[in-house]
There are 2 protein chains.
Amino acid sequence: MDSRTSNSSYPTALAPSAEISSQPGTVISRPVELPAGARSLEVLCAKCKLRETCLSGGLPAEDLARVENIVFARRRVKRNEHLFDAGDEFRCIYAVLTGFFKTSLGDSEGRDQVTGFFMDGELLGMDGLGSGCYKDSAIALEDSDVCAMPYSLIEGVARQVPSLQHRLHAVLAREIVRGHGIMMLLGSMSAEERLAAFLINLSKRLLQRGYSGSSFVLRMTRDEIGSYLGLKLETVSRLFSAFHRDGLIEVQQKQVSIVDIKGLERLLAPRN
Amino acid sequence: MDSRTSNSSYPTALAPSAEISSQPGTVISRPVELPAGARSLEVLCAKCKLRETCLSGGLPAEDLARVENIVFARRRVKRNEHLFDAGDEFRCIYAVLTGFFKTSLGDSEGRDQVTGFFMDGELLGMDGLGSGCYKDSAIALEDSDVCAMPYSLIEGVARQVPSLQHRLHAVLAREIVRGHGIMMLLGSMSAEERLAAFLINLSKRLLQRGYSGSSFVLRMTRDEIGSYLGLKLETVSRLFSAFHRDGLIEVQQKQVSIVDIKGLERLLAPRN
DNA sequence: CGAGGTGTTGAGATTTGTCAACCTACGTGG
DNA sequence: CCACGTAGGTTGACAAATCTCAACACCTCG
């Protein structure tokens, strides 16, 4: 069973998406084909609780109907399945409906870097824009559902709906800024500061989504956290233990409770 | 005198821009005001040698004229001047015509991180899109000229010229991908590998622009390189010396010659 | 119930940072 | 045009942070 459901701090807020057909046969693990004109009638951005972070966020009601035409289909992605891989042809931007993803980047020398973790409402695949193929891989860390938004449709609607055009630019810029934040994290912060920042960020994003920000289950391994933070898994593990010892958090494997968020925040401000 | 001109490897290829008025009085160091309709008649993307990396890159000839309307004005930025600062109202995306910039990001705790170096043809300010203000600061590392492209105009033209819309998305995505590359650099590479990657990258970009890729003058200090690479300036300095000792490069202060590019590339591939 | 993936912890090695001294180059102003 | 001041660069000795290797514990899933 999905470990999320064993954590009482997660509400079942996303029930609507439970109607998605989940028979194995309908699971499409490579980019969907796009029979022009077809689309899932179940998708209604106007009723989606995740709209604020998603592409439709902040759009005036009168434009929403147009934008809903973009959402071609939902797609179920099982744990460890790849939503897309680096090098796959770029067709869609995806919005996470439920679940949790990592994106990672490999280089020719065998290095592997986790470039982000994505939860409900967040967008995946924007790096594929313009070049024809995705530059990193998106992998589900738990069974997940996504909305697939074909770029060909986004382009067309964006030309006709300025609010969407503007919004698209905003989410692209947000991704650029996110990158800059990680550069600061990796370039200017100690291991301790990085992990504190990571936990605080995770906590905030969970809270925004109506989950508990103080008690949650990590969806990723120590190794994945380490890759993301530029640390070895042992260092991450030791820091979890140290934070626990110092009364900042409770940890037991993937279950984390933040006991003293102020204390974590103080770790980020050693200067002054 | 500008140190670039003392380096014979730099051609004077960008002569046309030398006509820009450079009396102190015309130097505008804050974002230009935008008297609607006005624009510099000297700007002709069609004739610009930097078009390939710039916003107008790859556009069909018939669309270029429309796009040229976007370029509102050139602006001269003196060494150490700020093209924009984090928090300034976002109005324009800038293309570097001549010169060299760094972008850097400060946080509330006084950390400071260089997020990029930008040379001719490269674009600055895209992180300001959507949020109304720039998120980082752009500082000229030598006297520079930029093209200012007001976002309000870009938006309008992009709606009417699909090729520009597509191109805009592509350059935004390119910036996202650049960020991912730096994450890999900072998260997965040793100090030695980072500096080697930095030099190789610089060399490639200079070569693309018709400069020498093997002999060049660094525009930034060791401290700025260090910030960008997540290293201390002493470490950067030691590595330069070590590369010199190993016969990979010649260094004397800011003057660098790459002697053995293959050797540098080998440093990036220690695995195998 | 066993296997394999994941997490923890220790000891010691290595890399990188810190502090300090000194050197070099460049721009400014006399 | 030179002298000086200052920012930037180099190098050494040492300290500290992080990694490596290794052993073992835990947990989940089949």
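Since the structure is predicted, the reported quantities are computational estimates derived from the model, not experimental observations. Below, chains carry the letters A, B, ... as their sequence lines are ordered, and counting in each starts from 1.
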Distance in angstrom units between [X] [atom1] and [N] [atom2], rounded:
X        : N      : atom1 : atom2 : answer
B:Gln253 : C:dG27 : CD    : P     : 13 Å
B:Ile225 : D:dG8  : CD1   : C1'   : 12 Å
B:Met220 : D:dG9  : CE    : C1'   : 15 Å
A:Phe243 : C:dT8  : CZ    : P     : 13 Å
B:Asp223 : D:dG9  : CG    : C1'   : 11 Å
B:Lys78  : C:dG27 : NZ    : P     : 14 Å
A:Glu224 : C:dT6  : CD    : P     : 8 Å
B:Leu239 : D:dT10 : CG    : C1'   : 13 Å

Which nucleotide, [options], lies nearest any side-chain atom of [X]?
X        : options                : answer
B:Ser237 : D:dT11, C:dT8, C:dA11  : D:dT11
A:Ala191 : D:dT18, C:dT18, D:dC19 : D:dT18
B:Lys232 : C:dT18, D:dC26, D:dG9  : C:dT18
A:Leu231 : D:dC19, D:dC27, C:dT18 : D:dC19

For A:Glu234 and for A:Arg194, find the nucleotide of DNA chain D with the closest heavy atom, then tell me which residue's nucleotide is more 5'. A:Arg194

Between A:Gln252 and A:Gly230, the residue closer to the 5' end of DNA chain D by nearest nucleotide is A:Gly230

Can you find a side chain N or O atom of [X] that sits less than 4.0 Å from OP1 or OP2 on [N]?
X        : N      : result
B:Lys254 : D:dG9  : yes
B:Arg222 : D:dT10 : yes
A:Thr235 : D:dC19 : yes
B:Ser241 : D:dT11 : yes

Under-3.5 Å donor-acceptor pair between B:Arg245 side chain and D:dT11 base: no

Is the base of D:dG9 touched by the side chain of B:Arg238 through a donor-acceptor pair closer than 3.5 angstrom? no

Does the pair A:Leu195 and A:Ile225 meet the rule for a side-chain contact (heavy atoms from CB on, under 4.5 Å), with working shown? CA-CA 9 Å; A:Leu195 188 63; A:Ile225 297 172; 4.1 Å; yes

Testing B:Arg219, B:Arg76, B:Lys78, B:Lys254 one by one against B:Glu142 for a salt bridge (charged side-chain N to carboxylate O under 4.0 Å, His left out), which residue passes? B:Arg219

Measure the spacing between CZ of B:Arg209 and CG of B:Leu50 and express it to the nearest 0.5 Å. 7.5 Å

Between A:Asp120 and A:Thr98, is any side-chain donor less than 3.5 angstrom from a side-chain acceptor? no

In terms of side-chain geometry, is the basic nitrogen of B:Glu109 or B:Arg111 positioned less than 4.0 Å from the acidic oxygen of its partner? yes

